[in-house]
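Note sheet for the following structure.
What's counted below: heavy atoms across the whole structure, side chains too, no hydrogens, waters or symmetry copies.
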Amino acid sequence: FTPPLHSCHTDSHPVLDKHLSAMLDFLPPTALYAGLACLLGQVALTLLFRRMPSPWRDEPGFLAHQFVCFPLMLYMCAVGCQGWWLGDSPAAGAARVFDANPTGRHLAEVVLGELAIWDIPTGLLVASLRDPLMVVHHFGMLFIASVALTQLQVYASFFFGVIELSGVFLTIVDVFHPKHPTLNAAEAASPLLQAINGNARIVFGLAFLATRVVYFPYVVGAMVIPDALAARGGRVSDGALLTTCVCGVLFTLLQWHWGALIIKQVRKMLAPPEPPMDARRRASVRHDGPFEDDALAVERTPSEAEVKKQE
């Protein structure tokens with residue numbers, strides 16, 4: 001028998017006991033274990049990468065974050081998919097707001113701990129991770145995770161698990177982003193890394209569009225919000241339920257924003273290469289002078305008179 005963490009203290013350290021008790025009041029044991037495990041992994045890998053040659057030592061904190069994030073995303077996605085599609089789901093309405101769900105609560109505790117102890121502090125300390133929009137996103141997730149400790153646990157399997165399918169591949173894609181020059185150069189020099197990154201980019205884009213751009217808004221609009229409205233007048237204040245609905249809408253808009261950026265990149269990748277400048281100049285001239293629509297322009301070499309007129 002292992003006694004609860006609240007009872008694992010002595011009377012000889014009252015100050016330490018006070019801080020430990022306060023932390024445990026906010027973080028359940030699973031959250032504490034998950035957060036500390038991620039933090040220890042971050043510190044150990046950062047120290048290791050600092051002792052390795054370039055490009056490992058160029059951004060040790062960022063690489064350590066990605067190495068910790070990858071197995072975490074795999075675990076959360078696997079558990080979430082099992083809970084969302086194979087677990088028991090109560091009937092629509094107030095039951096899906098208030099009924100306990102062990103898988104959902106477990107994921108909420110993991111997310112609460114890893115964000116509070118590891119991900120948010122690391123995101124603020126490591127320069128390449130210090131993206132303002134991502135920091136706001138993480139604080140929003142921290143709030144939702146704290147809510148899911150007592151309500152909406154059924155949906156935690158989706159929001160903390162299923163949609164992290166894209167996060168698994170994002171941890172790879174981010175490593176070789178051009179904003180990390182030495183890592184990007186290492187990928188460009190290695191056919192193996194190019195294959196890994198290229199395939200990861202494709203799967204990431206498809207997974208993000210499917211789970212976050214399409215499925216995410218459906219779950220929020222067709223399930224979460226109607227259930228929250230049906231639960232009004234229950235054991236949770238209407239203000240708290242309204243806040244949950246607003247957060248769902250804001251997170252949906254954020255997914256669409258990121259989805260638009262991904263679609264823009266896909267269109268850029270699929271677009272044909274631009275012709276050389278001299279070809280575009282020839283294509284922009286018709287028999288009767290310059291023509292703005294290249295698709296309708298007649299390709300021919302301009303006469304000397306036309307060239308002098310343009311000059």
Side-chain angles (χ1 to χ4, degrees), residues 21-32 34-35 76 79-117 119-120 132-164 167 211-260:
S21 178
M23 178 178 291
L24 291 174
D25 288 340
F26 174 69
L27 295 176
T30 299
L32 185 63
M76 291 171 58
V79 174
C81 288
Q82 183 275 330
W84 183 249
W85 281 301
L86 301 179
D88 296 330
S89 178
R96 286 202 297 222
V97 175
F98 299 123
D99 282 11
N101 184 279
T103 302
R105 180 178 172 87
H106 172 74
L107 284 174
E109 292 180 355
V110 171
V111 170
L112 186 69
E114 61 94 359
L115 283 174
I117 299 177
D119 209 3
I120 290 178
L133 187 58
M134 188 58 68
V135 172
V136 173
H137 170 265
H138 283 0
F139 274 105
M141 284 187 62
L142 186 69
F143 168 74
I144 296 298
S146 64
V147 170
L149 294 179
T150 57
Q151 55 187 291
L152 295 168
Q153 292 180 2
V154 171
Y155 291 110
S157 293
F158 176 78
F159 292 113
F160 298 144
V162 173
I163 66 172
E164 293 304 346
T211 61
R212 293 176 178 262
V213 176
V214 178
Y215 199 13
F216 189 107
Y218 170 78
V219 173
V220 171
M223 301 174 70
V224 175
I225 292 179
D227 287 350
L229 294 177
R232 288 180 299 173
R235 58 178 183 264
V236 176
S237 68
D238 291 353
L241 294 172
L242 178 61
T243 301
T244 301
C245 295
V246 171
C247 287
V249 172
L250 293 177
F251 273 112
T252 298
L253 295 176
L254 185 59
Q255 308 309 316
W256 283 346
H257 167 71
W258 284 331

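Close placement of the Tyr215 and Phe158 rings is indicated, their centers lying within 6.0 Å of each other. Phe159 and Phe216 have their aromatic ring centers within a separation under 6.0 angstrom.
Residues Val136 and Pro132 are not in side-chain contact: their nearest non-hydrogen atoms beyond the backbone lie 4.5 Å or more apart. Between Val236 and Thr244 the shortest side-chain heavy-atom distance does not fall below 4.5 Å. Between Ile225 and Val220 the shortest side-chain heavy-atom distance falls below 4.5 Å. Within the 4.5 Å cutoff, side-chain heavy atoms of Leu133 are placed close to those of His257. With contacts defined as side-chain heavy-atom distances shorter than 4.5 Å, the pair Leu152/Ile144 does not qualify.
A distance-only check finds no donor-acceptor pair linking the side chain of Arg212 to the backbone of Trp258 [under 3.5 Å]. Side-chain N or O atoms of Arg232 include one that pairs as donor or acceptor with a backbone N or O of Leu229 at under 3.5 Å.
Taking each heavy atom of Leu27 and Ala116 in turn, the nearest pair found is CD2-CB, 4.4 Å. Residues Phe251 and Met141 share a closest heavy-atom pair of CZ-N, 3.7 Å. Closest heavy-atom contact between Ala230 and Gly93: CB-CA, 4.1 Å. Across all non-hydrogen atoms, the minimal contact from Ala148 to Phe160 is CB-CE1, 4.3 Å. Between Val213 and Gln255, the shortest heavy-atom contact is CG2-O, 4.0 Å.
Within 6.0 Å of the CH2 atom in Trp85, the count of heavy atoms belonging to other residues, nucleotides or ligands exceeds 12. Within a 6.0 Å radius of OH in Tyr218, no more than 12 heavy atoms belonging to other residues, nucleotides or ligands are found.
Residues satisfying the side-chain hydrogen bond (donor to acceptor under 3.5 Å, both in side chains) criterion with Thr30, sequence neighbours excluded, are Glu109.
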